[in-house]
Amino acid sequence: MLTLTKNQQRELNTAIARLPILGADYSARCISALYRSARRESQQRELLAVAMAYKLTSNPEFTI
């Protein structure tokens, strides 16, 4: 994960760490918000890849 800023990386790590506790809805909302606020396409691609790896893209809360 080279293209994400420190803040984006921190938020992404928080969303993934809380996935077992708060569920997929929380993580899907968090990552999709990060995706929408990303300034670069490379950041969006990286966030989308993480969401796909955790199977969050099919969640109704993942809105991009």
Side-chain angles (χ1 to χ4, degrees):
M1 303 201 184
L2 303 172
T3 61
L4 298 179
T5 64
K6 289 180 183 179
N7 288 334
Q8 289 171 325
Q9 186 63 51
R10 184 186 68 235
E11 293 298 322
L12 180 62
N13 289 340
T14 300
I16 298 305
R18 292 183 179 167
L19 181 62
I21 301 164
L22 298 175
D25 287 349
Y26 169 81
S27 295
R29 273 193 307 270
C30 189
I31 295 174
S32 67
L34 285 170
Y35 179 92
R36 290 189 308 271
S37 67
R39 294 181 183 217
R40 297 185 180 140
E41 278 187 43
S42 58
Q43 293 170 337
Q44 289 179 335
R45 282 193 304 270
E46 195 167 328
L47 291 165
L48 188 59
V50 171
M52 290 174 69
Y54 285 94
K55 297 180 176 75
L56 297 173
T57 54
S58 60
N59 190 305
E61 296 292 329
F62 189 78
T63 55
I64 55 172

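Just so you know, these numbers come straight off a predicted model, no measurement behind them.
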Q: Take Q9 and N13 through the test side chain to side chain donor-acceptor pair (under 3.5 Å) and record every step on the way to the result.
A: CA-CA 6 Å; Q9 186 63 51; N13 289 340; 3.0 Å; yes

Q | Criterion side-chain contact (heavy atoms from CB on, under 4.5 Å) on T57 and I64, from CA distance to verdict | A | CA-CA 9 Å; T57 54; I64 55 172; over 6 Å; no

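Using modelled atom types, no side-chain atom of E11 and backbone atom of Q8 make a donor-acceptor pair closer than 3.5 Å. A donor-acceptor pair under 3.5 Å links the side-chain atoms of S27 to the main chain of A15, judged by distance alone.
With rounding to the nearest 0.5 angstrom, the CG atom of L47 is 9.0 Å from the OH atom of Y35. A distance of 8.0 Å separates OG in S42 from CG in L4, rounded to the nearest 0.5 Å. If you take CD1 on I31 and OG1 on T14, they are separated by 10.5 Å, rounding to the nearest 0.5 Å. Taken from CZ in F62 to NZ in K55, the straight-line distance is 14.5 Å, to the nearest 0.5 Å. Considering CD of Q43 and OG1 of T5, their distance stands at 6.0 Å, rounded to 0.5 Å.
In this structure A24 satisfies the side-chain contact (heavy atoms from CB on, under 4.5 Å) test together with L19, L56, N59, sequence neighbours excluded. With sequence neighbours left out, L22 forms a side-chain contact (heavy atoms from CB on, under 4.5 Å) with R18, Y26.
Applying the salt bridge (Lys or Arg N to Asp or Glu O under 4.0 Å) test to pairs two or more places apart or on separate chains, those with a residue in residues 22-41 are R29-E61, E41-R45.
Residues E46 and T3 bring a donor and an acceptor atom of their side chains to less than 3.5 Å of each other.
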